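Here the structure comes first, spelled out in structure tokens, and everything after it is commentary.
Keep in mind the model is a prediction, meaning the values are calculated, not measured. Both backbone and side-chain heavy atoms feed into the values below; hydrogens, waters and symmetry mates do not. Chain A is the first sequence line, chain B the second, and so forth, proteins listed ahead of strands; every chain is numbered from 1.
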Number of protein chains: 2
Amino acid sequence: MPTKKKQLLKQALVEQAFSVIEEKGVEHLSLREVARRLGVSHQAPYKHFPSRDHILAAVVARCFAEFAQHLSSRPSCNDPFDDLHKMGLAYLEFAQKFPLQYRLMFNTALPDGTAHSEMLAQAQFAFSILYDKLGEMTLKDPDHPIRDPVKHDAIYIWSALHGLASLMQSDVTSTLGLSNDERAVAVERLMRRMSLSIAP
Amino acid sequence: MPTKKKQLLKQALVEQAFSVIEEKGVEHLSLREVARRLGVSHQAPYKHFPSRDHILAAVVARCFAEFAQHLSSRPSCNDPFDDLHKMGLAYLEFAQKFPLQYRLMFNTALPDGTAHSEMLAQAQFAFSILYDKLGEMTLKDPDHPIRDPVKHDAIYIWSALHGLASLMQSDVTSTLGLSNDERAVAVERLMRRMSLSIAP
DNA sequence: TCATCTGGTTGACAGCGTCTACTTTCTGAG
DNA sequence: CTCAGAAAGTAGACGCTGTCAACCAGATGA
């Protein structure tokens, strides 16, 4: 029974849930198994989470937090274009380094009622990082001939990044016979096009 | 027992499985429920599919077939650029009109062993439509200054389309406060950029 | 001091996927 | 035409799951 103080079990549950997902896939996550691994009864988790989906939402929230942290970990220099480029690379890097977390965030359907407010907040925070950076770009350079509201640029960039990240994780790349080098080329190409479409 | 001839139940199972998914979500698909709805015993499905995941794979395969059909339904004119543009719109249209099918195809993790060969074939066929169209473009215009192998253009285009389609389905658009009109604008913008990056 | 809240327990229930064993029905070779 | 064997469907059992209910120990605060 590694839980010494109250509220400690809650955190342990989330961590252990992630471990189970890691080993057996999200579809085989079971509260009973998590409880078993922590040496508590099968009902103990219900004292902290109302349902299985809520514990899953907590895991996803943690992923979003890590993601946001990863996105904003690069030191921001004075050139917002460079910043944006680095952030894009960081995005793709996260998806490649932590495919499980990425899939959990963008590939996991939580029931509506589960809308863990913390998860939502974390997700919005992650997106705001990209969004703010774009806004910053237009602020720093008021004459920047950005052709449409920031919103639309943000959507375009996010679409492209998310799409590529998803594709890279699927079997598509092997189906197309892409080598690792070619994957890198694809990333570079996408980044270049992204920059081009934003550039003055 | 609505199944008169052999092999008829198999098809009915797939259809009924889709109905269940439609009503209750893919995570609540159960073979027993499908069997119950068809008035057969809970073991009957196992005579046609080795496991629950295999029946799910069959459903996904059907989605891919519909998707491919939708993609290639537009009459091909002589202008491959126009063709590509229409195909992109068709892609996004499918995702918007049939979000369930789209999610089933690109958001559903099937266990490795399940690799229903028919599903794989259908998926590859769907992608080949886009891929071939791109190849056709460079063939028709040998001087077309396409900057990189078709493969990379295909990946870029697919990334952008898939990313936007996914984003449109998530709660992101409402989080960003996008109206329906603005969604349409986002689509148009993406299509324009796609064309620009391919255009001579 | 003692009622109350919090976090833990055990037990029960129905639903699920899947294994095994049985029966029925179809089929095709002799 | 016959009949063995395969294919299709049925029934029962097992262990797993999420969740509801009832119970219990200890911390807490009036």
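No donor-acceptor pair closer than 3.5 Å links the side chain of Ser128(A) to the backbone N or O of Tyr131(A).
In this structure, CZ of Phe49(A) is placed 12 Å from P of dG8(C), rounded to the nearest angstrom. Atoms CG (Leu38(B)) and P (dA8(D)) sit 16 Å apart, rounded to a whole Å. Atom CG in Leu9(B) sits roughly 15 Å away from atom C1' in dT25(C) (whole-Å rounding). Atom-to-atom, NE2 of His48(A) to C1' of dT9(C) comes out at 13 Å; the value is rounded to the nearest Å. One interatomic measurement links the two molecules: CZ of Arg52(B) to P of dT18(C), which rounds to 8 Å at whole-angstrom precision.
The base of dG11(C) is paired with the side chain of His42(A) by a donor and an acceptor separated by under 3.5 Å.
When the nucleotides dA8(D), dG7(C), dG18(D) are ranked by their closest atom to the side chain of Lys47(B), dA8(D) comes out on top. Closest to the side chain of Tyr46(A), from the set dG8(C), dC16(C), dG18(D), is dG18(D).
One finds a side-chain N or O of Arg36(A) lying less than 4.0 angstrom from the OP1 or OP2 phosphate oxygen of dT17(D). Between Arg32(B) and dT10(D) there is no side-chain polar atom (N or O) within less than 4.0 angstrom of OP1 or OP2.
Residues from residues 18-31 of chain B with heavy atoms under 4.0 angstrom of DNA chain C, sorted by number: Leu29(B), Ser30(B), Leu31(B).
Counting only N and O atoms by type, the side chains of Tyr46(B) and His54(B) include no donor and acceptor under 3.5 Å apart. Side-chain atoms of Tyr91(B) and Trp158(B) include a donor-acceptor pair closer than 3.5 Å.
A salt bridge does not link Arg183(A) to Glu188(A): none of the charged nitrogens lies less than 4.0 Å from a carboxylate oxygen. Electrostatic pairing of Arg74(A) and Glu93(A) counts as a salt bridge here, judged by a charged N lying under 4.0 Å from a carboxylate O. Taking a cutoff of 4.0 Å between a charged side-chain nitrogen and a carboxylate oxygen, Glu66(A) and Arg62(A) qualify as a salt bridge.
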